[in-house]
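Here the structure is laid out as structure tokens; the discussion comes afterwards.
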Amino acid sequence: MRSIRLPDAHLPDVTGGWTCQACSTAWPCTTAADHLTATPCSCGRTSYWEKRGPRNWHPGERCYTPEQGVAARVADQAKGRAPHFPPSHYYPPKPRRPKWPQPEQRHAVAGAGDIRPGTWTWVEPGGLHPGWGDIHHLAMIVGAGTPKCLVWLILDGTVHDVQADRLILSGGPRDRDRPAWWSWTVAEHLAHRDAEERAAAPALPVQPGLFEDLTPV
């Protein structure tokens, strides 16, 4: 069955001169190209955006200085937009992280606050160590909590502690049928669940006759 999203095996190897990790050919390979939309960058090169995901790539050298990147981010935030400049791909070495086989948990989110182990999420750029790049990564929650969740990264099987406010739900209904809570961060879902549990908790009864022997002052 054909995958509906870009297989992680066909992600680019930036250290080898932008080649496909699986095919060892120039990236994007034929498989990757079916899942990408080519967009011309202002620098003259071509950026590639996932058709069914938030990730994007900009092959070649960085086309902006760090100062320009910060200025662009500030300008976009001031206008209420998400930053749109391409990722740099100049990543530092990855630190050691534990590797697990894919967890067996499976959980489909049924409503607001319904976050359990087995929930698939996207880790937003900045949620992981810079060695994993400034792109979205697909990850499964294996331990839900605040302020951090334990997640399993599908890219390489590594396990990370990620801030819950840097995790967003993966998949879901089509945009026109998608409920508003689907765009919440995992932190917002967990806060909503905690608030509902507190509201539903029964009030503790007062022990009968507890204050009968007290003498008024």
Side-chain angles (χ1 to χ4, degrees), residues 1-13 20-24 29 31-32 34-36 50-57 91 93-175 177-198 200-201:
M1 184 172 62
R2 182 178 180 272
S3 174
I4 63 172
R5 58 179 297 274
L6 174 59
D8 290 308
H10 292 272
L11 290 174
D13 178 7
C20 174
Q21 295 181 15
C23 305
S24 299
C29 63
T31 300
D34 290 341
H35 300 275
L36 300 171
E50 247 186 328
K51 293 179 180 179
R52 299 179 182 87
R55 296 181 292 185
N56 63 91
W57 296 266
Y91 304 148
K94 295 178 180 177
R96 292 179 61 87
R97 291 290 187 269
K99 284 192 174 184
W100 293 0
Q102 182 167 341
E104 297 181 357
Q105 298 102 320
R106 296 291 183 273
H107 178 68
V109 179
D114 183 27
I115 303 297
R116 301 287 186 273
T119 302
W120 284 104
T121 64
W122 287 106
V123 183
E124 294 182 326
L128 300 174
H129 182 277
W132 275 267
D134 50 359
I135 61 176
H136 286 74
H137 281 283
L138 187 64
M140 178 193 292
I141 292 179
V142 293
T146 53
K148 293 183 177 182
C149 294
L150 188 66
V151 303
W152 177 84
L153 206 63
I154 196 173
L155 173 68
D156 54 11
T158 51
V159 179
H160 305 255
D161 283 319
V162 179
Q163 294 284 346
D165 60 1
R166 305 309 295 268
L167 297 171
I168 55 176
L169 298 180
S170 169
R174 293 176 296 179
D175 289 344
D177 302 323
R178 185 171 296 177
W181 53 260
W182 193 270
S183 61
W184 292 0
T185 65
V186 169
E188 291 174 310
H189 277 280
L190 294 177
H192 178 82
R193 185 181 72 186
D194 291 345
E196 285 193 330
E197 290 177 350
R198 287 194 300 270

Measure across Cys149 and Ala164 and return the closest heavy-atom pair with its distance rounded to 0.1 Å. SG-CB, 4.0 Å

Please find the pair of heavy atoms, one from Leu169 and one from Trp122, that lie closest to each other, and give the distance. O-CD1, 3.9 Å

I'd like to know if the side chain of Trp182 reaches the main chain of Gly171, judged simply by a donor and an acceptor atom lying under 3.5 Å from each other, with no hydrogens or angles considered. yes

In sequence, state the C-alpha distance, the side-chain angles, and the governing distance for Lys94 and Thr158, and then conclude on side-chain contact (heavy atoms from CB on, under 4.5 Å). CA-CA 11 Å; Lys94 295 178 180 177; Thr158 51; over 6 Å; no

Closest heavy-atom pair, Leu153 versus Leu138, reported as atoms and distance to 0.1 Å, is CD1-O, 3.8 Å

Working note: Thr146 + Asp165, criterion side-chain contact (heavy atoms from CB on, under 4.5 Å); need CA distance, chi angles, decisive distance, verdict. CA-CA 9 Å; Thr146 53; Asp165 60 1; over 6 Å; no

Atom CZ in Arg52, atom CZ in Arg5: separation rounded to 0.5 Å? 11.0 Å

Output yes when a side-chain donor or acceptor of His107 lies under 3.5 Å from a complementary backbone atom of Asp114, and no otherwise. yes

Nearest 0.5 Å, please: how far is SG in Cys23 from CG in Asp13? 12.0 Å

So, for Pro93 and His129, which heavy atoms are closest and what is the spacing to 0.1 Å? O-CE1, 3.6 Å

Contact summary for Arg193 and Arg116, nearest pair of heavy atoms: NH1-NH1, 2.7 Å

Minimum heavy-atom separation for Ala9 to Gln21, with atom names? O-CB, 3.4 Å

One pair to check against side-chain contact (heavy atoms from CB on, under 4.5 Å): Ile168 and Val186. What are the steps and the verdict? CA-CA 6 Å; Ile168 55 176; Val186 169; over 6 Å; no

Evaluate the side-chain contact (heavy atoms from CB on, under 4.5 Å) criterion for residues Val151 and Val142: first the C-alpha distance (whole Å), next the side-chain angles of each, then the deciding distance (0.1 Å), finally the verdict. CA-CA 5 Å; Val151 303; Val142 293; 5.8 Å; no

With rounding to the nearest 0.5 Å, note down the distance linking CG in Leu167 to OG1 in Thr185. 8.0 Å

I'd like to know if the side chain of His160 reaches the main chain of Val162, judged simply by a donor and an acceptor atom lying under 3.5 Å from each other, with no hydrogens or angles considered. no

Spacing of Leu128 atom CG and Arg97 atom CZ [to the nearest 0.5 Å]: 8.5 Å

Classify the ring geometry between His189 and Trp181 as parallel (under 30°), tilted (30 to 60°) or perpendicular (over 60°). perpendicular

Main-chain N/O of Ala139 paired with Thr121 side-chain donor or acceptor, under 3.5 Å: yes

Is His35 close to Pro7 at the side-chain level, that is, under 4.5 Å between some pair of heavy atoms? yes

Can you confirm whether the side chains of Glu196 and His192 place a donor and an acceptor under 3.5 Å from each other? yes

Heavy-atom count around Lys99 NZ within 6.0 Å, excluding the residue itself: above 12? no

When you measure from the side chain of Lys51 to the backbone of Leu6, do you find a donor-acceptor pair of N or O atoms at a distance under 3.5 Å? no

With distance as the sole test, does Trp152 use its side chain to make a donor-acceptor pair with the main-chain N or O of Trp100 at under 3.5 Å? yes

Between His137 and Trp132 (side chain of the first, backbone of the second, donor and acceptor by atom type, cut-off under 3.5 Å), is there such a pair? yes

Can you tell me if Gln102 has over 12 outside heavy atoms packed within less than 6.0 Å of its CD? yes

When Gln105, Met140, Arg106 are each screened for side chain to side chain contact (heavy atoms under 4.5 Å, CB included) with Pro117, the one that passes is Gln105

